[in-house]
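Right, one structure below, let's go through it.
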Number of protein chains: 2
Amino acid sequence: MSARRPALSVDVVSLTPHGRRLTVLLVRVGDSRSKERWELPNDAPRSDETIDEAAARVVRPTLGAQPAMLEQVAAFGDRRRHPSDAAVSIGYVALVASGASASLGGDAAWFPVDELPPIAPRQRAIVDGAMHAVRARLDQSPIAFRLLPSTFTLSQLQEIYELLLGRRLHKASFRRALHASWLVEPTDEWRSEGRGRPAQLFRYAPRKRRGSRRGVRFEGVSGT
Amino acid sequence: MSARRPALSVDVVSLTPHGRRLTVLLVRVGDSRSKERWELPNDAPRSDETIDEAAARVVRPTLGAQPAMLEQVAAFGDRRRHPSDAAVSIGYVALVASGASASLGGDAAWFPVDELPPIAPRQRAIVDGAMHAVRARLDQSPIAFRLLPSTFTLSQLQEIYELLLGRRLHKASFRRALHASWLVEPTDEWRSEGRGRPAQLFRYAPRKRRGSRRGVRFEGVSGT
DNA sequence: GACATTAGTCACAATTCGTGACTAATTCGA
DNA sequence: TCGAATTAGTCACGAATTGTGACTAATGTC
């Protein structure tokens with residue numbers, strides 16, 4: 001039986017915070033030689049499912065449950081190598097709440113995103129693309145909230161933003177902007193973990209937004 | 001000969017301004033019946049080319065020259081119908097400078113984006129996705145400049161932004177922000193077209209940008 | 001030459017933002 | 001038991017950015 005070169009693969013980059021760093025889920029592939037190899041969970045879509053459904057199916061076995069968010073990143077169809085040798089790979093990002101990754105399937109493990117073991121060049125590009133997409137959509141989509149449990153402290157939320165943006169934020173500014181955005185509502189619970197004053201717990205609860213359209217921004221327009 | 005169901009197609013949404021509206025390039029497909037049918041230029045990628053190369057090949061015959069920018073939008077792999085019946089279609093946007101679409105190939109024509117003739121549902125979704133991507137990347141990528149000739153007046157540039165944003169902008173604000181961004185440099189030419197004071201011509205010439213990182217924005221984070 | 005039309009600039013009020021300093025509530029160790 | 005350390009949360013003020021109307025400039029038209 002000769003496995004024909006598949007036309008397509010669907011590859012999922014699962015992200016979750018571990019401590020103060022973002023981590024990516026990889027699976028160990030049973031290589032007959034002793035050499036240890038890792039790759040992103042991936043598979044060819046079946047003929048009767050959509051690619052979104054394929055991505056959901058691909059994460060299921062490795063992650064215990066379904067992720068808090070699962071979105072397409074892009075299609076990768078250059079000449080870089082892919083484990084399945086697919087002509088085109090479609091990348092997805094899955095966001096997993098911190099602490100929610102209790103029961104990992106078989107040979108799966110979380111790696112800090114900036115210390116991945118060697119993986120196929122195409123999958124490397126998919127991970128980079130996923131990170132790029134996450135950062136780009138951070139202020140358009142409730143990404144940060146998907147990386148946290150359903151209730152969280154504002155310090156935790158700020159920490160996630162700092163993680164994703166890669167820079168420190170000023171506490172007062174962060175809270176002022178958050179307050180103005182009406183994205184979050186206080187619960188009446190407080191958490192006193194470790195030392196220091198206990199923090200109030202909040203939940204993600206976006207209000208209807210009135211059209212607050214601003215002027216044009218030429219923020220990041222550059223050479224390309 | 002039975003044409004097997006192809007796994008992939010690459011579909012290109014070419015955009016150019018015509019007067020005060022954005023237009024999309026469609027080709028008439030030779031239907032044996034008298035019914036007139038239109039579709040986005042598309043084809044299956046060949047086994048020896050990347051999908052970017054396939055997209056470039058697809059636009060070539062219909063558009064005279066190469067577009068000023070050609071970028072992937074996303075992969076569309078739901079159950080909506082596509083002319084080629086492909087399992088997955090990869091959408092691209094091509095930006096064409098106004099007036100540069102002199103020699104259209106065979107049965108191609110520009111349609112205002114909000115008055116398209118009936119097309120396959122999947123292609124309809126690709127057009128919507130392309131518009132969405134263009135708007136989302138407008139402040140990250142020099143999109144507006146690709147829809148204009150190499151020199152242009154600031155009023156023309158503002159008109160493009162208003163077209164893409166779908167709202168009016170205040171002249172002084174627009175110019176102040178543009179000035180602060182160092183994206184544009186004056187030529188020593190002036191154009192006196194029609195009545196009114198002649199306008200100075202500018203060209204796109206981005207300067208090195210110093211890191212102007214701002215605070216967090218929760219601009220568009222909402223319910224989804 | 002008056003007027004309509006388009007380009008380009010100015011200036012000021014209003015808003016937003018960056019920041020340091022403050023108060024509050026808790027744990028830990030002496 | 002008290003004080004230092006630690007984390008949460010708020011305030012207020014100067015600086016920077018933004019929205020906006022009004023102004024000047026240069027052209028075509030009648």
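The figures here come from the full heavy-atom set of this structure, side chains too, leaving out hydrogens, waters and symmetry mates. Naming convention: chains lettered A, B, ... in sequence-line order (proteins, then strands); numbering from 1 in each chain.
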Quickly work out the B:R217 CZ to C:dT15 P distance and round it to whole Å. 17 Å

Near-strand residues of residues 164-176 of chain B, defined as heavy-atom separation under 4.0 angstrom from DNA chain C: B:K171, B:A172, B:R175, B:R176

Just how far, in rounded Å, is P of D:dT10 from CD of A:Q158? 13 Å

About how many Å separate CG of A:L164 and CG of A:L22, when rounded to the nearest 0.5 Å? 5.5 Å

State which of D:dG9, D:dA25, C:dT26 makes the closest approach to the side chain of A:P198. C:dT26

For D:dA8, does either OP1 or OP2 sit under 4.0 Å from a side-chain N or O belonging to A:S155? yes

d(NE2, A:H179; P, C:dC17) in whole Å: 15 Å

Below 3.5 Å, can you tabulate the donor-acceptor pairs from side chains in residues 54-62 of chain A to any protein atom, sequence neighbours excluded?
| residue | atom | partner | partner atom | Å |
| --- | --- | --- | --- | --- |
| A:R57 | NE | A:E49 | OE1 | 3.2 |
| A:R57 | NE | A:E49 | OE2 | 3.3 |
| A:R57 | NH1 | A:D43 | OD2 | 2.8 |
| A:R57 | NH2 | A:A44 | O | 3.3 |
| A:R57 | NH2 | A:E49 | OE2 | 2.5 |
| A:T62 | OG1 | A:V59 | O | 3.1 |

Whole-Å gap separating P (C:dT27) and CZ (A:R191): 14 Å

Do the ring centers of A:F202 and A:F145 come within less than 6.0 Å of each other? no

Atom-pair distance (CZ on B:F152; P on C:dG8), nearest Å: 12 Å

Throw together a table of side-chain donor-acceptor distances under 3.5 angstrom for residues 105-125 of chain A, partners on residues two or more places apart or in other chains.
| residue | atom | partner | partner atom | Å |
| --- | --- | --- | --- | --- |
| A:W110 | NE1 | A:S101 | OG | 3.4 |
| A:E115 | OE2 | A:R21 | NH2 | 2.9 |
| A:R122 | NE | A:F76 | O | 3.3 |
| A:R122 | NE | A:S89 | OG | 3.1 |
| A:R122 | NH1 | A:D78 | O | 3.1 |
| A:R122 | NH1 | A:R80 | O | 2.9 |
| A:R122 | NH2 | A:A86 | O | 2.5 |
| A:R122 | NH2 | A:A87 | O | 3.1 |
| A:R122 | NH2 | A:S89 | OG | 3.4 |
| A:Q123 | OE1 | A:L40 | N | 2.9 |
| A:Q123 | NE2 | A:D11 | OD2 | 2.8 |
| A:Q123 | NE2 | A:L40 | O | 3.4 |
| A:R124 | NH2 | A:D128 | OD1 | 3.1 |

